[in-house]
Amino acid sequence: MAATGGSGGSKARGTFGKMGFILAAAGSAVGLGNLWKFPYMAHRNGGGAFVLVYLVAVLLLGLPIMMAEITVGRSTASNPVRAFRRLGGKWWSLVGWLGIGTGFIILSYYSVVAGWTIEYVGKCLAWSAQGFTKADAAKVGSDFMAFLARGDKQVLYHGIFMALTAGVIIFGVKKGIEAVTKVLMPALFLILLLLVAVAATTSSFLPALERLFLPGKIGARGILEAVGQAFFSLSLGMGAMLTYGSYMSRKESVPRSAAMVCGLDTLVALMASVIMFTIIMGVPPDQRGKFGASSVILFTTLPEMLYNLPLGRILAPSFYLLVGFAALTSTISLLEVLVSWFIDDLGWKRSFATVTVGLATFAMGVPSALSFGSNEFLTSRFAPLAPKASGFFDTFDYLAANFLLPIGGLLTAIFVGWYLSSAFTKKEVEEGHGPFRLHLLWKTLLRFVCPGAIAWILYSVVFQGVKFN
Ligand code: PHE
């Protein structure tokens, strides 16, 4: 992938190779959102009902907005700020700014959770060497809680993860990430497939499928979370897809690429959920609540399942390594948006921009890292901002996923739906695709359905007091 910056639109900026866009965009989309967030959100919001709303949100909001972002990016070959300025003037460039701010916030806290995978790769290597005993299994949960409360480790791993991200961005996203993604994404997919197959041999598999796919009860909060999660998981609403679109070749099809990325991302989220739900349904009903809570399963119950497998000693560390890489391809896309702006618009050198932005994001993430128990104030005093999500980390996540990304998506939909002429969008979307018969449908979704649905959601949260968490 060529992300060499330079002036927007010039040859020096480069383009992705064949499949490069899909790989990079799927790398951005597939991450902790799929493996860590989606399963627990689905679990606490009635399973099948949540999944159904989520699928509808991906089809009616996610796919059209992803196409809109890619189209804006590809037609201007620019970073989000410049892209909106070029096509829409000074005021619209604020949408690009909003994206950059949102990216900064998400990257700061996302890197903290991503850092946990480093600890777990280490832990698994030790377990693989010494054997994973019943005693280990019994205290894996309390160990995880103790780990969360270790401020020093949280900050250290967050720092290491930011350094890894910055390292890739500095030393040529070009060869590095494309090569890495090509191997690791399929590997992650295979391990997930294997785990699904193992899950299928247990007696809790059918109950898990029922819970996951038969609609249960969902409340307003669940609907809102499903929509927020769709934006988060598809990397929409903050310019990541726009930026990757700016490196996309004009010979490639926007609708087909977007559909592929949406499909892959959803598939991975569903596979992760099948695995986690099978584990949850395997424990007695009165203990399930505990397992459905936030981050717990991925880091506490999964190790046991992995070590029960024939090749568990190899699979367990590999699994966490791949989760870490999935997170890395997401943090790379977040940092790339920020860095590309400093390079394109301020004329900074790539290395200087990467180090500066990397350090700033690291600093911004420290309060999140300390909000899992190590600092009382950061852990429990933010309730007024995000009802019941009382920690600094939860508050950032809540604001980003449920407000900033949807607002970014809303404005992008209005921009491409209303502001850009149909003649222009049709010509752009047909470039590399051929006649696009669904253009009118796409426009209609962007004009009415996306803004309507998102505005309704924001209204419900702000004025009707629908609460999260
Ligand atoms: N989509 C990523 C995930 O699911 C997170 C992300 C959000 C990445 C926004 C880039 C931009 O983990």
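For ligands, and for the atoms within them, numbers begin at 1 and follow the listed sequence.
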Student: Is there a ring pair (Phe, Tyr, Trp, His ring centres under 6.0 Å) between Phe393 and Phe372 once you walk through the steps?
Tutor: CA-CA 8 Å; Phe393 172 94; Phe372 292 98; 4.9 Å; yes
Student: So, is Ser333 polar-close to ligand 1, with some N/O to N/O distance under 3.5 Å?
Tutor: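 No - when backbone and side-chain N and O of Ser333 are compared with those of ligand 1, no distance drops under 3.5 Å.
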Student: Phe147 ring centre to Lys153 NZ or CZ under 6.0 Å, with the angle to the axis within 45°?
Tutor: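 Pair Lys153/Phe147 does not count as cation-pi.
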Student: Who's the nearest protein heavy-atom neighbour of atom 7 (C) of ligand 1, and how far?
Tutor: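 Of the protein heavy atoms, Phe232 O, 3.4 Å lies nearest.
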Student: Polar contacts were defined as any N/O atom of the residue lying under 3.5 Å from an N/O atom of the ligand; does this apply to Leu236 and ligand 1?
Tutor: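 No, no N or O pair falls under 3.5 Å.
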Student: Quick one: which of Trp442, Trp456, Trp418 gives a ring-ring contact (aromatic ring centres under 6.0 Å, His included) with Phe448?
Tutor: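 Output: one option passes, namely Trp418.
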Student: With nothing but distance in play, are any N or O atoms of Ala29 less than 3.5 Å from an N or O of ligand 1?
Tutor: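 Looking only at distances, the answer is yes, because the N/O contact criterion of under 3.5 Å is met.
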Student: If I apply the N/O under 3.5 Å rule, does Leu234 come out as touching ligand 1?
Tutor: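 No, there is no polar N/O contact under 3.5 Å.
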Student: Quick check: do Thr356 and Phe342 have side-chain heavy atoms less than 4.5 Å from each other?
Tutor: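 Not in contact.
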Student: Under 4.0 Å, heavy atoms only, figure out whether ligand 1 is touched by the backbone of Ser235, its side chain, both or neither.
Tutor: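 Answer for Ser235: both.
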Student: Ring pair (Phe, Tyr, Trp, His ring centres under 6.0 Å), that's the test. Do Tyr244 and Phe21 meet it? Break it down for me.
Tutor: CA-CA 7 Å; Tyr244 277 0; Phe21 172 82; 7.1 Å; no
Student: Examine Tyr54 together with Phe38 and report whether their ring centres are nearer than 6.0 Å.
Tutor: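 Here the rings of Phe38 and Tyr54 have centres that are less than 6.0 Å from each other.
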Student: From atom 2 (C) of ligand 1, work out which of Gly239, Ala401, Ser28 has a heavy atom at the shortest distance.
Tutor: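 Nearest option to atom 2 (C) of ligand 1, by heavy atoms: Ser28.
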Student: Indicate, as side chain, backbone, both or neither, the part of Lys37 found under 4.0 angstrom from ligand 1 when only non-hydrogen atoms are considered.
Tutor: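 None of Lys37 does.
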Student: Is it the case that ligand 1 has an N or O less than 3.5 angstrom from some N or O of Met238?
Tutor: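 Min N/O separation from ligand 1 is not below 3.5 Å for Met238.
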Student: Within ligand 1, which atoms have a heavy atom of Leu32 less than 4.0 Å away?
Tutor: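 Those qualifying, in numeric order: 12 (O).
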Student: Closest by any non-hydrogen atom to atom 12 (O) of ligand 1: pick that one out of Tyr110, Trp36, Phe231.
Tutor: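 The option holding the nearest heavy atom is Tyr110.
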Student: Can you tell me which residue among Tyr40, Tyr120, Phe319 is in a ring-ring contact (aromatic ring centres under 6.0 Å, His included) with Phe299?
Tutor: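 When Tyr40, Tyr120, Phe319 are each tested with Phe299, the ring-ring contact (aromatic ring centres under 6.0 Å, His included) holds only for Tyr120.
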Student: Taking only heavy atoms of Ser233 into account, list the atoms of ligand 1 that are under 4.0 Å away from them.
Tutor: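 That gives atoms 1 (N), 4 (O) of ligand 1.
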Student: Charged N to carboxylate O under 4.0 angstrom, Arg350 versus Glu336?
Tutor: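 A salt bridge is present here (some side-chain N lies under 4.0 Å from a carboxylate O).
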